[in-house]
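A short worksheet on the structure shown next.
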Amino acid sequence: MTSEIIDTKDLKNDPVFGQLSFDNHEQIVFCNDEDTGLKAIIGIHNTTLGPALGGTRMWQYKSEWEALNDVLRLSRGMTYKSAVTGLNLGGGKAVIIGDAKTQKNDALMRKFGEFVNSLSGKYITAEDVGMETRDMDIIREVTPHVTGVSESIGGSGNPSPVTAYGVYMGMKAAAKYKFGTDNLDGKKVLVQGVGHVGETLVKHITDEGAQVILNDINEARLEELSKKYGANVVLGNDIFGLDVDIYAPCALGATINDESIAQLKAKVIAGAANNQLANELKHGTMLKDKGIAYAPDFLINAGGIINVYAEVVGYDKAESLKRTENIYNTTLEIFNLSEKENITTHQAAFNIAQARIDARKKEQNS
């Protein structure tokens with residue numbers, strides 16, 4: 001306990017409810033445990049369609065406000081991801097503040113699981129950046145409200161391969177729309193971020209004959225994958241002016257902004273990262289005006305949640321892949337709707353998702 005009193009003048013001027021990213025969240029849970037050092041935030045954006053399912057990210061944020069903003073943006077994105085793909089799930093997300101490589105341990109995971117369990121199923125967690133399937137197994141020891149656990153204990157395992165497959169389907173659909181063919185043979189593709197999802201995506205497009213350029217902050221990883229897949233490597237952040245056909249952001253979000261759009265030569269953007277548009281309205285419009293076909297991130301990276309949803313409703317791996325493959329058709333529908341209504345692809349996908357949520361809310365209130 002501390003005897004110090006926080007003066008209101010020391011608080012941030014903008015209240016939590018006033019944050020742009022708050023966007024009518026239903027609930028925000030701040031989790032703190034002195035013994036394990038756990039500091040986490042769970043965001044529950046909307047549960048109209050079902051319980052809020054979304055992964056937990058462990059990251060060394062620069063500040064608690066940065067962590068809060070991230071969990072709110074991610075949680076909101078999960079709402080629309082589930083809605084646009086037809087899942088009976090709401091949107092939620094969690095972040096744990098800390099370095100996953102040095103601060104993560106079993107006690108921390110169990111304590112976080114206890115906080116998840118205290119929400120009685122309103123939030124269901126899963127794997128995200130900085131987390132592994134084993135972490136989900138540890139969390140499962142203290143709560144049933146977790147997905148993505150090992151297949152050996154009845155789970156669906158690591159969702160990354162299915163996420164990558166969905167991104168691959170979305171990329172092919174965007175190529176079909178922009179280039180008239182979904183064949184990626186000979187297409188130059190810049191993949192930014194080669195973690196679990198990024199590497200699997202690289203394998204898919206390399207197998208199809210794409211010319212792949214890799215970019216990541218981990219140079220050792222780049223060297224390893226360059227040899228493995230025969231890909232070229234570009235270091236640093238000066239990548240957006242490269243002469244490529246497709247840009248696939250697969251690291252953290254907000255890489256599509258004023259500066260990057262001004263440099264972009266790619267005609268298609270299709271990647272796994274969440275919240276790729278720094279400003280959804282402004283940058284979605286800028287891409288449209290520049291003639292760049294943007295496959296909405298919350299649609300094409302939905303393979304992961306489709307995969308873990310299997311643990312909630314009980315379908316098998318074959319059904320997960322079938323549903324994920326349908327991302328191809330949905331992406332084409334989004335492009336056609338965008339063109340028909342003269343709106344951005346992000347807005348088109350958002351409208352479909354919001355209409356489904358509104359319809360369910362109307363049913364519940366009737």
- Task: Taking all non-hydrogen atoms of both residues into account, name the closest pair between Asn215 and Leu235 and its distance.
- Result: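 It is ND2-C, 4.0 Å.
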- Item | Nearest atoms (heavy-atom pairs only) where Ala83 meets Leu49 |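 Looking at all heavy atoms of both residues, the closest pair is CB-CD1, 3.7 Å.
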For the [atom1] atom on [X], are there more than 12 heavy atoms of other groups (residues, nucleotides or ligands in this structure) within a distance under 6.0 Å?
X      : atom1 : answer
Asp289 : CG    : yes
Asn32  : CG    : yes
Glu223 : CD    : no
Glu64  : CD    : no

- Chi angles and distances behind the salt bridge (charged side-chain N to carboxylate O under 4.0 Å, His left out) call for Lys362, Asp358: CA-CA 6 Å; Lys362 186 176 181 181; Asp358 292 343; over 6 Å; no
If we ignore angles and hydrogens, is there a donor and acceptor under 3.5 Å between the side chains of [X] and [Y]?
X      : Y      : result
Arg76  : Asn46  : no
Thr143 : Asn117 : yes
Gln276 : Thr255 : no

- Message: With ring pair (Phe, Tyr, Trp, His ring centres under 6.0 Å) as the rule and sequence neighbours excluded, what pairs involving residues 159-179 come up?
- Response: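 Ring pair (Phe, Tyr, Trp, His ring centres under 6.0 Å) check on residues 159-179 returns Tyr165-His204, Tyr168-His204, Tyr177-Phe335.
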- Task: Sequence neighbours left out, what pairs pass ring pair (Phe, Tyr, Trp, His ring centres under 6.0 Å) with at least one residue falling in residues 126-164?
- Result: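 Qualifying pairs: none.
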All N/O donor-acceptor pairs, side-chain side in residues 182-197, below 3.5 Å, sequence neighbours left out:
unit_1 : atom_1 : unit_2 : atom_2 : d
Asp182 : OD2    : Tyr328 : OH     : 2.8
Asn183 : OD1    : Asp185 : N      : 2.9
Gln192 : OE1    : Tyr247 : OH     : 2.4

Distance-only donor-acceptor hits, side chain of residues 91-103, under 3.5 Å, sequence neighbours excluded:
unit_1 : atom_1 : unit_2 : atom_2 : d
Lys93  : NZ     : Asp128 : OD2    : 2.8
Asp99  : OD1    : Lys101 : N      : 2.9
Gln103 : OE1    : Asp99  : N      : 2.7

- Just do the salt bridge (charged side-chain N to carboxylate O under 4.0 Å, His left out) check on Asp316 and Lys322 with the steps written out, would you? CA-CA 10 Å; Asp316 60 14; Lys322 180 182 176 182; over 6 Å; no
- May I ask you to test the Leu222-Asn218 pair for a side-chain heavy-atom distance under 4.5 Å?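 Heavy-atom side-chain distance check fails, nothing below 4.5 Å.
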- So do Val212 and Tyr229 actually touch side chain to side chain, heavy atoms under 4.5 Å?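 No; the side chains remain at least 4.5 Å from each other.
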Using atom types as modelled, flag every donor-acceptor pair under 3.5 Å from a side chain in residues 147-154 to any protein atom, sequence neighbours excluded.
unit_1 : atom_1 : unit_2 : atom_2 : d
Thr147 : OG1    : Thr125 : O      : 3.1
Ser150 : OG     : Asp137 : OD1    : 3.4
Ser150 : OG     : Asp137 : OD2    : 2.5

- Message: Is it the case that the ring center of Phe298 lies less than 6.0 angstrom away from the ring center of His346?
- Response: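 Distance test on ring centres: under 6.0 Å, yes.
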- Worked verdict on Asn24 versus His45 for side-chain hydrogen bond (donor to acceptor under 3.5 Å, both in side chains): CA-CA 7 Å; Asn24 292 313; His45 179 249; over 6 Å; no
- Message: Could you work out, with side chain to side chain donor-acceptor pair (under 3.5 Å) as the rule, every residue matching Gln60, not counting sequence neighbours?
- Response: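 Gln60: no side chain to side chain donor-acceptor pair (under 3.5 Å) contacts found.
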